[in-house]
Chemist: 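Questions regarding the structure given below will be posed in turn.
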Amino acid sequence: MNGEGIAGRGATSGEGPGSGGTVVITGATGFIGGAVLGALLRGGGTGADGDGGDGGADGDGGDGGSARSGVPRVRALARRIPAEPRDAVEWVRGDVTDPASLRGLCEGATAVLHLASYVGSDEALGEAVNVDGTRAVMAEAARAGVPRVVHLSTAAVYGTGPHRGITVDEVPPEPVSAASRTRLAGERYAREAGAVVLRPGIVTGPGDRWVVTGLRELVERVPATWDGGGALLSVVDAGDLGRLVARLATGPRPVPSGVYHASHPEPVRIADLLGELAALGLLPPVRDEDWSYAACLEALRSTPGRASERQFALVARDHWYRSEEIWRLADCPPGPGPLARLAEALGWYRRSSGAAG
């Protein structure tokens with residue numbers, strides 16, 4: 001599925017953080033974009049110890065400066081410039097849904113990281129951002145001859161599952177939400193542009209406003225072990241994902257274009273994830289009972305809430321996508337894993353949503 005790289009276009013493919021290259025990033029004020037920005041300003045994800053840190057998840061990008069050794073110049077597109085922008089970042093006001101505002105964005109860049117996306121339920125807005133916006137960014141990168149392009153998608157394009165240990169497109173994508181449908185459609189333009197397309201699974205860590213909140217609701221509605229608790233999930237810490245994306249932009253060797261799964265290589269058991277979150281006080285403890293999947297669904301239906309049966313299935317049944325390849329090709333250590341990173345994110349989760357009590 002992965003083919004030739006795009007190193008032959010524009011700037012020399014080997015240009016990295018120490019060679020005066022400029023990295024363009026969209027979505028830098030968002031959850032994953034903020035983590036990538038932080039990794040870039042800490043040196044391009046080159047840390048051999050796999051240090052994830054907080055990833056700059058609030059979009060401030062840390063205290064780096066472009067004059068520091070190993071730190072690339074960063075040009076970030078944003079609809080609204082941060083109130084206290086860092087000197088290390090050249091902020092450009094624009095919107096991926098307005099192609100005219102992108103003109104010149106990629107001039108002189110050695111890499112473009114397209115991380116902006118829409119994850120809501122409005123199909124029209126998903127089309128505008130995830131499809132037309134991606135097409136516009138890829139067109140501008142191609143016009144400027146950028147040698148490296150990375151596009152962020154999602155493993156949710158595969159649909160409900162269950163999926164256990166599958167490789168890229170081993171099963172056909174069957175997206176079921178507006179966000180995943182339009183993100184899959186947007187992949188087409190990234191692939192045509194020769195981009196490295198990343199499909200992470202569940203992303204946790206500083207900046208996460210969805211995963212732990214959703215799990216808390218599900219545990220309250222289904223307060224037992226879910227069908228043995230053995231479901232295997234692809235999960236990645238935002239800081240580690242940020243390091244990976246930064247490495248793809250600035251590493252000494254380009255990664256061949258194509259689609260890659262981008263979670264931590266080791267899957268996480270749902271029982272272990274819920275147990276660690278409960279131990280940190282972020283979720284209520286689960287009863288010492290094991291309910292069948294059918295019993296779980298019955299409990300879910302009997303207690304109204306925001307989460308759907310489909311969303312429950314995404315964490316209560318296998319959704320594991322093999323992700324070793326991208327970390328190996330990028331020569332980027334994946335870190336200790338998302339469970340080990342949760343304690344580092346405790347402050348964020350407590351500030352953002354409160355402990356379970």
Side-chain angles (χ1 to χ4, degrees), residues 23-37 57-59 74-82 89-107 109 111-144 146 149-159 173-201 203 207-211 214 238 241 245 257 259 262 306 308 310-311 314:
V23 177
V24 171
I25 178 173
T26 70
T29 59
F31 173 30
I32 296 173
V36 173
L37 182 60
D58 291 321
V74 178
R75 185 182 302 148
L77 180 78
R79 288 179 296 171
R80 291 180 295 275
I81 306 300
V89 180
E90 175 194 353
W91 290 95
V92 176
R93 190 182 303 277
D95 193 316
V96 298
T97 64
D98 177 11
S101 72
L102 306 181
R103 189 71 177 177
L105 176 69
C106 301
E107 289 295 334
V112 169
L113 310 178
H114 181 40
L115 312 178
S117 65
Y118 172 73
V119 297
S121 59
D122 186 320
E123 192 94 32
L125 192 51
E127 287 281 344
V129 175
N130 299 336
V131 183
D132 296 338
T134 298
R135 176 169 51 191
V137 171
M138 295 302 144
E140 182 62 20
R143 190 193 66 78
V146 181
V149 181
V150 179
H151 172 69
L152 183 68
S153 185
T154 172
V157 300
Y158 289 111
E174 294 182 351
V176 295
S177 69
S180 56
R181 280 193 298 271
T182 55
R183 293 183 80 177
L184 178 63
E187 283 187 12
R188 169 191 166 191
Y189 297 105
R191 294 168 82 162
E192 290 176 350
V196 170
V197 177
L198 301 179
R199 291 176 179 172
V203 184
D208 164 35
R209 300 179 185 276
W210 306 277
V211 176
L241 180 59
V245 176
S257 62
V259 179
R306 296 182 63 183
S308 65
R310 179 184 64 82
Q311 291 168 321
L314 291 175

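Counting begins at 1 with the first residue of the sequence.
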Chemist: Any idea which heavy atoms bring R93 and R79 closest together, and the distance?
Modeler: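 Where R93 meets R79 most closely, the heavy atoms are NH1-O, 3.4 Å.
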
Chemist: State which residues pass side chain to side chain donor-acceptor pair (under 3.5 Å) with T154; sequence neighbours excluded, sorted by chain then number.
Modeler: none

Chemist: Provide the full list of salt bridge (charged side-chain N to carboxylate O under 4.0 Å, His left out) pairs with a residue in residues 98-107, sequence neighbours left out, each pair given once.
Modeler: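 The answer is E107-R143.
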
Chemist: What closest approach, in Å, do L102 and A136 show between heavy atoms, and which atom pair accounts for it?
Modeler: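 Here L102 and A136 meet closest at CD1-CB, 3.7 Å.
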
Chemist: Residues two or more places apart in sequence or in another chain: which of them pass side chain to side chain contact (heavy atoms under 4.5 Å, CB included) with L184?
Modeler: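 Counting only residues at least two positions away or on another chain, L184 forms a side chain to side chain contact (heavy atoms under 4.5 Å, CB included) with V157, P173, P175, E187, R199.
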
Chemist: Minimum heavy-atom separation for A144 and C106, please, with both atom names.
Modeler: CB-O, 3.4 Å

Chemist: In chain order, what residues pass the side chain to side chain contact (heavy atoms under 4.5 Å, CB included) check against A128, with sequence neighbours excluded?
Modeler: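 Side chain to side chain contact (heavy atoms under 4.5 Å, CB included) list for A128, sorted by chain: T97.
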
Chemist: Please determine whether the number of non-hydrogen atoms from other residues, nucleotides or ligands lying under 6.0 Å from atom CZ of R310 exceeds 12.
Modeler: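 Correct, the count exceeds 12.
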
Chemist: Can you run down the salt bridge (charged side-chain N to carboxylate O under 4.0 Å, His left out) pairs that involve residues 114-123, sequence neighbours left out, and say none if there aren't any?
Modeler: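 Checked against salt bridge (charged side-chain N to carboxylate O under 4.0 Å, His left out) - neighbours excluded - the pairs reaching residues 114-123 are E123-R181.
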
Chemist: What residues form a side chain to side chain donor-acceptor pair (under 3.5 Å) with S101, not counting sequence neighbours?
Modeler: none

Chemist: In chain order, what residues pass the side chain to side chain contact (heavy atoms under 4.5 Å, CB included) check against V92, with sequence neighbours excluded?
Modeler: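 Counting only residues at least two positions away or on another chain, V92 forms a side chain to side chain contact (heavy atoms under 4.5 Å, CB included) with R75, L77, E90, L105.
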
Chemist: Name all residues meeting the salt bridge (Lys or Arg N to Asp or Glu O under 4.0 Å) criterion together with D95; count only those two or more places apart in sequence or in a different chain, and write none if there are none.
Modeler: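 Residues passing salt bridge (Lys or Arg N to Asp or Glu O under 4.0 Å) with D95: none at all.
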
Chemist: When you measure from the side chain of Q311 to the backbone of S308, do you find a donor-acceptor pair of N or O atoms at a distance under 3.5 Å?
Modeler: yes

Chemist: For a quick test of reading the model, state the closest non-hydrogen atom pair linking V89 to A76 and the distance between them.
Modeler: CG1-CB, 3.7 Å

Chemist: When rounded to the nearest 0.5 angstrom, what distance separates CD1 in I32 from CG in L113?
Modeler: 12.5 Å

Chemist: Could you give me the CA-CA distance, side-chain angles and deciding distance for Y189 and V131, then say whether side-chain contact (heavy atoms from CB on, under 4.5 Å) is met?
Modeler: CA-CA 8 Å; Y189 297 105; V131 183; 3.8 Å; yes

Chemist: Output the distance between atom OG1 (T26) and atom NE2 (H151), rounded to the nearest 0.5 Å.
Modeler: 9.0 Å

Chemist: Please examine the side chains of L152 and V245, heavy atoms only from C-beta on, and report whether any two atoms are closer than 4.5 Å.
Modeler: no

Chemist: Apply side chain to side chain donor-acceptor pair (under 3.5 Å) to E174 and list each qualifying residue two or more places apart in sequence or on a separate chain.
Modeler: none

Chemist: I'd like to check the side chain to side chain contact (heavy atoms under 4.5 Å, CB included) partners of A262; sequence neighbours left out, ordered by chain and number.
Modeler: L198, P200, L241, L244

Chemist: Tell me every residue that passes side chain to side chain donor-acceptor pair (under 3.5 Å) with Y118, counting only those two or more places apart in sequence or in another chain.
Modeler: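 Once residues adjacent in sequence are excluded, Y118 has no partner under the side chain to side chain donor-acceptor pair (under 3.5 Å) criterion.
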
Chemist: Shortest non-hydrogen contact from V197 to A190?
Modeler: CG2-CB, 3.9 Å

Chemist: Judged by atom type as modelled, is there a donor-acceptor pair below 3.5 Å linking the side chain of E127 to the main-chain atoms of D132?
Modeler: no

Chemist: R183: what forms a salt bridge (Lys or Arg N to Asp or Glu O under 4.0 Å) with it, not counting sequence neighbours?
Modeler: none

Chemist: Within a strict 4.5 Å, meaning less than it, do heavy atoms of the V96 and H114 side chains meet?
Modeler: yes

Chemist: Where is the tightest heavy-atom contact between A238 and A35, given as atom of each residue plus distance?
Modeler: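 Scanning both residues, the minimum pair turns out to be O-CB, 3.3 Å.
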
